[in-house]
Amino acid sequence: MTDVFPPDLIRLIVSFVIVVAFAFTNAAVLVLVERKICGHIQRRPGPFEVGPHGLLQTAVDGVKLMAKQMLVPRNADAGLFRAAPILSFVPPIAALIVVPFARMLQVRDLDIGVLFILSLAAVNVLAILVAGWSSANKYSLFGAIRAVAQNVAYEIPLLLSLLTIVIWVGSFRMSDIVAAQGGFWFAFTPMGFVAFLVYFICGIAETNRAPFDLPEAESELTAGFHTEYAGMGFGLFFLGEYTNMLLVSAIATTLFLGGWNGPAFLTTAGTGFWATVIQTLWFLAKVYGLIVVMIWVRWTYPRVRFDQLLNFCWKILIPISMANLAVTAVWLKL
Amino acid sequence: MTFTFDPSLKLYIYLADAAFLGFVFLALAGGVVAVGAKRLIHAVLGLATSLVGVAGLYVYLGTHFIAAMQILIYVGAVCISIVFAVMLARPPSEAERAPRAGPGKLAAGFGVGLFAALVLGSAVFATRWRAEPTAVAGTLQEVGEGLLTRYAFVFELISLVLLVAIVGSVVLARRGRRPAGG
């Protein structure tokens with residue numbers, strides 16, 4: 001048996017299945033969490049009818065989405081129209097394979113870990129573009145154009161803020177970056193804190209969430225680039241968005257908040273089963289803490305105007321992250 | 001590389017072969033789409049597919065860094081800016097067919113392609129390849145050291161070219177604008 005299926009291959013297949021299952025579960029849970037938090041922020045209970053406190057709402061919604069017909073508009077480019085949702089949710093799931101959930105819980109520890117995620121994230125813009133263009137709908141097209149202008153702009157400070165940590169550690173490898181934060185976390189150093197703030201703002205912008213949700217601004221563009229999508233096509237876009245949120249928070253946790261390290265004495269660097277469980281719990285606690293903050297921001301702040309969005313990026317975030325990078329580089333050489 | 005089934009070999013060797021053939025197929029199929037598509041946007045997406053296939057070949061060669069850069073720069077930046085330009089030009093409902101090439105042009109293109117294939121093919125088959133390629137070339141450290149030591153001049157020259165391109169695009173973009181309040 002091991003002759004035909006080498007252990008490493010089995011390990012790879014099993015971990016891919018787990019990663020995909022995790023991404024789907026994460027999306028299902030986050031949809032409910034988002035609607036509940038949104039509801040309570042607006043002083044209403046949120047979904048409440050299906051199951052106790054509406055806990056089964058997502059399951060029902062999932063069945064509804066899957067049962068719905070996937071309409072393709074007559075003028076649309078049918079092939080691209082169907083391909084776009086797949087293109088939007090595959091890259092973030094693939095990027096999860098370099099995320100270190102615990103010291104021993106990482107599918108592949110590539111020496112280009114951070115770059116791997118960033119290069120996959122670049123494909124996401126292409127998916128939005130294809131979706132918006134192939135729909136043959138002016139709202140979709142406007143949404144896609146906005147998405148590109150926004151994502152291309154916010155990618156620059158995002159890369160610069162991550163670069164701050166990378167030159168600090170001297171490695172793109174995720175495990176090296178976590179190992180460098182055994183004593184202190186980068187978010188609690190002056191330069192690291194600035195980079196963390198810039199990164200988190202850009203992360204919210206890259207996932208196209210409010211206050212930066214101009215590509216799908218409901219009040220102006222009906223639903224932006226996914227206006228024409230129904231059923232599971234729409235569902236896959238949402239799966240992609242929630243997996244992207246997970247990914248943004250996972251990178252933030254790994255690079256700025258110590259990864260799977262716990263605070264002070266509550267930490268373990270072991271490789272045993274229970275050490276792995278504890279590390280995973282710390283990691284997930286930080287990740288979901290950040291996701292809750294993202295949801296909180298979304299339902300608290302109004303949407304920005306497009307010129308404000310781009311000015312904020314080009315005139316504030318990029319200079320700050322550039323200066324931060326320069327200061328870090330000088331400080332490291334002193 | 002052999003594609004005959006040999007039961008003494010392990011399965012993953014065939015998997016690697018299959019992956020290699022898959023990437024070659026992606027690169028070639030993307031190229032065919034890029035050349036033959038009737039709509040411009042299909043051509044750009046074909047180009048993107050082809051570039052992903054090439055990135056896959058880099059992975060197959062063990063140079064993850066170059067593969068990631070290929071996707072980040074070519075698919076993530078170059079293709080997106082092309083799509084952006086195309087999209088601003090024309091939505092799909094108004095897309096018109098590009099004029100088809102006549103038999104003379106087709107023959108000329110075929111001839112040039114055949115010539116290039118012959119030259120490249122004879123070069124490939126005339127070269128004596130080392131049987132065991134060294135696995136370390138192309139790692140992150142080597143690329144970084146190379147860029148800052150041996151190829152520093154080339155690196156600076158390329159950045160100069162890019163700077164000229166940026167200045168040029170700014171000049172071009174400003175031409176259409178009136179000064180504020182003027």
Side-chain angles (χ1 to χ4, degrees), chain A residues 2-10 12 73-81 83-84 87 91 98 108 110-130 132-138 140-142 144-145 147-149 151-152 155 159 166 170-173, chain B residues 7-16 33 37-42 44-49 51-52 55 58-59 62-95 136 138-144:
Chain A
T2 48
D3 264 8
V4 188
F5 296 105
D8 199 48
L9 184 66
I10 294 177
L12 210 62
R74 187 178 297 151
N75 287 332
D77 192 319
L80 293 183
F81 187 81
L87 208 57
V98 293
R108 270 276 179 268
L110 296 176
D111 61 344
I112 53 157
V114 179
L115 271 182
F116 179 76
I117 293 178
L118 293 173
S119 65
L120 284 174
V123 180
N124 193 37
V125 191
L126 204 64
I128 293 179
L129 260 177
V130 171
W133 185 84
S134 67
S135 297
N137 174 326
K138 62 187 169 201
S140 304
L141 195 61
F142 276 124
I145 291 173
V148 176
N151 285 32
V152 168
E155 207 162 89
L159 287 171
V166 168
S171 171
F172 280 113
R173 196 186 288 271
Chain B
S8 67
L9 286 175
K10 293 199 171 54
L11 177 71
Y12 56 81
I13 294 177
Y14 293 105
L15 278 181
V33 170
K38 293 194 182 75
R39 284 175 170 172
L40 258 179
I41 198 146
H42 289 181
V44 181
L45 292 174
L47 178 67
T49 315
L51 293 171
V52 169
Y58 287 140
V59 173
T63 53
H64 296 137
F65 174 70
I66 297 175
M69 278 300 150
Q70 170 90 2
I71 292 183
L72 189 68
I73 294 170
Y74 283 97
V75 180
V78 173
C79 280
I80 282 175
S81 40
I82 300 176
V83 177
F84 201 46
V86 172
M87 212 170 58
L88 285 170
R90 184 168 296 154
S93 54
E94 298 164 26
V136 282
T139 61
L140 205 50
Q141 279 78 10
E142 291 212 348
V143 172

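Throughout, protein chains are lettered first and strands after them, A, B, ... in sequence-line order, and every chain is numbered starting at 1. The structure presented is a predicted model; accordingly, all values stated were derived computationally and were not measured.
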For A/A147, what residues pass the side-chain contact (heavy atoms from CB on, under 4.5 Å) criterion, not counting sequence neighbours?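 Once residues adjacent in sequence are excluded, the partners of A/A147 under the side-chain contact (heavy atoms from CB on, under 4.5 Å) criterion are A/I128, A/P215.
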
With sequence neighbours excluded, residues passing side-chain contact (heavy atoms from CB on, under 4.5 Å) with B/T49: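 With sequence neighbours excluded, B/T49 shows a side-chain contact (heavy atoms from CB on, under 4.5 Å) to B/L26, given in chain and number order.
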
Straight-line distance of [X] [atom1] to [Y] [atom2], nearest 0.5 Å:
{"X": "B/H64", "Y": "A/L115", "atom1": "NE2", "atom2": "CG", "value": "12.5 Å"}
{"X": "B/L72", "Y": "A/L159", "atom1": "CG", "atom2": "CG", "value": "6.5 Å"}
{"X": "A/L129", "Y": "B/L45", "atom1": "CG", "atom2": "CG", "value": "9.0 Å"}
{"X": "A/S119", "Y": "B/F65", "atom1": "OG", "atom2": "CZ", "value": "11.0 Å"}

Largest heavy-atom contact set with chain B, pairs under 4.5 Å, which of A/L80, A/V123, A/L118: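 Top count of heavy-atom pairs under 4.5 Å with chain B: A/L80.
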
Could you report the tightest heavy-atom contact between A/A122 and B/I80, atom names first, then the distance?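 Shortest heavy-atom separation between A/A122 and B/I80 comes out as O-CD1, 3.6 Å.
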
